[in-house]
Structure formats: C-alpha cells, structure tokens
Amino acid sequence: MKRDDFLKQDDVRGFIDWLATELPARSFHLKMARSRFVPGGLDVQATGLEAVLGHYVWSTRWTDAQGKAVVSGNWHETRASLGQLRGWLKDAIARRDEDQTLAACLAILAWGGVRGAIVFLKRLHAQGRLVAYFTRLAPLMALDSDASLDALDTDTVERFDAGLTKIHALFDDSGSPIYDSRVGAAMAMLYAQYRSQAGSKRAKKHWLAFPSGAARGKQIRNPKGIDGGFAGAPQFFGKAVSCQDWAQWQVKLGWILRAVLEQCDWFKAGSADMAARCHAFEACLFMLGYDLRCFGEATAEATMAKERVAKDDVPQSGWVPTGCSFKNVLPVYAQFRQRHEKDDLATFAKWYARTQGAAEKTANAYCFPYSESEFDMFDSSEERLDTIVKGGKEGLYAAVESTEPYAEGAERERICLVDALLAGRTADMSVPVRTAWLLQKGYAGTKSAANTLMTVGRQVGRHFGLLDKKNRPTAFFHEYFGDCMREP
C-alpha cells in the first residue's frame, strides 16, 4: 500500500481529523518517576499537545567523533544534539565510511539509552555492508517517496527495534518519526479514544492497530490496561509484530503526523520545516507514552485484568523472562551450530524439540536468551559463539558486544542480564522479602514470575561470572553494574 491509498481510508482520515480537533484542548497529567533520564522526576499538568513539548525531558549524553561529551535534557538541547548526530551519520554514509557510520550509529544508541542493536550493527560492519544497508532502506522509509509499504519486507528489513528506529529516523530528511514503545503507546491510546468517541459513526474496519512495547516498571503502555473496553496494542517482539511490521508502522505514523500538521499550525516556532515539526510532534507522543495514566486513571476492570492484556505471551511490564534453562541449552545450541548451516530461531527450536525430546513450545521458550532483544546469538561468528559459551567476563563482553560498564536503558531489553543484576541486588534478602520487593517494584507480577526471574538471573549471572556459586555478587558484578538499580 502506498501513502495516498493509506490516507484515504475512512478510518485513517477520521482519526487524522480527530487528532487535529482534539489535541489542542486536551489536558494531560505528566507524571514520571526519577530515573537516569528524568533526574528530578516530573509531575505537571499540560493543556494542549504543544504545551507538552515545553515539559520534554530526556537527560542523556553521548560522545562525538572528537571525543567530546554532548549533553542534553530539554527539547531545545535535544533538538541540537540530534542535529549533530544526524549530521555525523549522513556525512559518514555519504562518504561510504563504514567505521564512522558504525561510530555514529553507536552514538545514536547511547543518546537513546538502548543497546539491543549493537550486535546487529557490528555484524553488518564486519561484513562491510553497514552503509549499503541504511542506504538501501532510506527511500523506503522516506515519507515523501512513492514507495509502497510492501517494499519493507523480509528481503529489505533484516532487523528493527528501539535503537534502529532512531537511526532510520535520523538518516531521513522527511520527518520519519522515532517509533519506540512510548510513541507507540501514546498513538495506540489516542486511537482507542478516537474509536470510543466516534461510536456508531466510526468506520467499520480497524485500519490502525499501533503496536507498543512493555514498560520497565509499573507504567502502563497498553490502552487495555487503562480501560478494559479498549483494544489491546500488539506487542513488539511478539508473534503479532514482525520487524518488517515495525518498520512499516514507522512510515505509517509519519504519514499520519504529516497529514495532521498539514491541517494545523503546531510547532512552527523558529520557522521550523515539516520534518522538524514532525519530530516535535513525535517528542510530545514520547512524553505521553511514558505512562498512559497521563490520559486518565485506569478503570477497576482494567487494573484487575492487567496481567491478562497480552495475547502473545509478551509481558506488559517488569523484568520477567520467558522461562528457560540457560546453562543447559547453551552447549546444546553450540552443538547445533556445528551441524547446521541455517542458523535461526525456528530451525534451532525444531531441531531441539526433535533431538532433546522437548515440546516445540518448550523449545521455542528455551530460545529466549538467544533472540534479537536479548543476546542476539543466531547467525553469530564462531569466534563470538565460542567466547560466549566459555562464559566469564570475556563471554559477557562478547554477548553484549561491548566492554563498557552496564548502563540502565530506556527500553525493556536484555532482560536476562537485568535478571542477573536483580539476583545480585537481592542476594542478602530472605525469600519472602525478596519476592515482596520484586512485586512492589513492579519487576514481577506474581510469586511464580518472581521465581522465574531469579532462576534465569542466577543462571546467567553464574555463567558470566557476575555471581559466584552461592549466587552472591562477585567483584566483576560490582565492576560491571556499578550502582545500577541499587536501593537508595
């Protein structure tokens, strides 16, 4: 489907008109807990979408090509910071400089507080096709091109996540928005409210099912968690949202944002062009999507049903992994790699089920640590795999493709590693106290989930030398994690 065909659908057209009419008068209660990215927390009321931009906060830093730290927090600083990153990335790609393209991409991830794409980016760099990859996708992601969404398929989009959406958005000149879990959550909520208010006048067909991702804590990022009558948002990394779907949603969101802005005069300060206005709009969605309770408190029904929102086995919040046996399956996976040329999750899961006598569902669950959002091990080099299998400090560095200390991220990724961190942080607690703490923090939703978190965390922690044989933190644990998630 192309842009004009998408925008002429009744449901899409109606939603665009509704956004243009509703957002200027809407009131939002922006409330955020203190964190690395919001050092002082936030608790303010904002009326109208444009007012939200004045409360934008994302406190972060990255290092430029000269080794200078670039720090930003509010929208003015962030816009300037992103301008520098965009210039670095575009210049490096224009010169077909693989090394500088990788450096710019890693700086973008550092700004965004995400790390999941590092393995993929370094793999492309090692193959000498990092520049070619982004160059090939650029016209397909552009909002003003005549490309069809269908062109973003398995042949063109090899991976998509909260880091890659940032890189694609910054490489684009037409205003292609960053589409992460917070932006997706805000759009899913607005669409749910539009459908609810339209009542009998709404279009029969749902053209928009904005996907989102789980929160790291107790925040709500699924409309159904606010109102049980709303449709739930499909979840990233679940069966309903492929990486190709995610890429297509970035383009569809961009088309919608541009169409709304064409009707309004929002974000025109400083003679901003359409691309700059799109990114300002996206920044507001980012603020609204932190916790959907900024739109209003959750209903009692939704609160009770919160644990049942997902239909594709993707938790809605916290750090509970898919139950797996990390220490036992890792050497089996290494055996599989020696015997099979095709190395992907589906092939390994089927092989594991056949050779180990496991149910296919169990085999799929056991693949969790090797998936893209975790240690991204499928299609790794033999050298990287061997180092990971050996474990210890070098094994962990190979697994995350970085020797830098751990830094708390913005997205729910590398869950197994966070579980190892939590296992170490709670080592001195009794079982009842530890379970109560994990539930109170929102890291787990049930006692059973807390047990799963601890089991996986301890296995991963011991393998990489973060925990000793008694599941207590080692010197490397403190060296690697520092003060992350430490109680005040």
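Fair warning: this is a prediction, and the values are worked out from it, not measured in the lab.
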Parallel, tilted or perpendicular: ring planes of Tyr133 versus Phe120, cut at 30 and 60 degrees: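 Aromatic pair Tyr133/Phe120 classed perpendicular.
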Within 45° cone of [Y] ring axis and under 6.0 Å: [X] NZ or CZ:
{"X": "Arg182", "Y": "Phe286", "result": "yes"}
{"X": "Lys252", "Y": "Trp255", "result": "no"}
{"X": "Lys393", "Y": "Phe464", "result": "no"}

Exam field: side chain Thr21 to backbone Trp18, donor-acceptor pair closer than 3.5 Å: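 Checking the backbone N and O of Trp18 against the side chain of Thr21, no donor-acceptor pair under 3.5 Å is found.
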For [X], is the [atom1] atom crowded, meaning more than 12 foreign heavy atoms sit under 6.0 Å from it?
{"X": "Arg36", "atom1": "CZ", "result": "yes"}
{"X": "Gln440", "atom1": "CD", "result": "yes"}
{"X": "His478", "atom1": "NE2", "result": "yes"}
{"X": "Arg34", "atom1": "CZ", "result": "no"}
{"X": "Lys122", "atom1": "NZ", "result": "yes"}

Candidate list Arg384, Arg123, Arg414, test salt bridge (charged side-chain N to carboxylate O under 4.0 Å, His left out), partner Glu401, passing option: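 Exactly one pass, corresponding to Arg384.
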Are a donor atom and an acceptor atom from the side chains of [X] and [Y] found within less than 3.5 Å of each other?
{"X": "Arg26", "Y": "Gln193", "value": "yes"}
{"X": "Thr78", "Y": "Trp111", "value": "no"}
{"X": "Thr165", "Y": "Gln250", "value": "yes"}

Option among Asp161, Leu152, Leu164, Val157 that satisfies the side-chain contact (heavy atoms from CB on, under 4.5 Å) test with Trp246: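 When Asp161, Leu152, Leu164, Val157 are each tested with Trp246, the side-chain contact (heavy atoms from CB on, under 4.5 Å) holds only for Asp161.
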Ring pair (Phe, Tyr, Trp, His ring centres under 6.0 Å), paired with Phe295, selected from Phe28, Tyr290, Phe230: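 The ring pair (Phe, Tyr, Trp, His ring centres under 6.0 Å) with Phe295 is passed solely by Phe28 among Phe28, Tyr290, Phe230.
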Candidate pair Arg3 and Asp144, rule salt bridge (charged side-chain N to carboxylate O under 4.0 Å, His left out), full reasoning: CA-CA 9 Å; Arg3 178 185 56 205; Asp144 52 3; 6.0 Å; no
Non-neighbouring partners of Ser35 that pass side-chain contact (heavy atoms from CB on, under 4.5 Å), sequence neighbours left out: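 Ser35 satisfies side-chain contact (heavy atoms from CB on, under 4.5 Å) with Phe37, Val38 once adjacent residues are dropped.
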Between Phe15 and Tyr191, ring centroids under 6.0 Å: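 Yes: the rings meet the under 6.0 Å criterion.
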Worked verdict on Asp4 versus Lys8 for salt bridge (charged side-chain N to carboxylate O under 4.0 Å, His left out): CA-CA 6 Å; Asp4 291 345; Lys8 73 181 181 182; over 6 Å; no
Arg95 with Asp91: basic N within carboxylate O range, under 4.0 Å: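 Counted as a salt bridge, because a side-chain N and a carboxylate O are separated by less than 4.0 Å.
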Test item: Trp437 and Leu422 side chains (from C-beta on) under 4.5 Å apart, heavy atoms: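 Yes, their side chains come closer than 4.5 Å.
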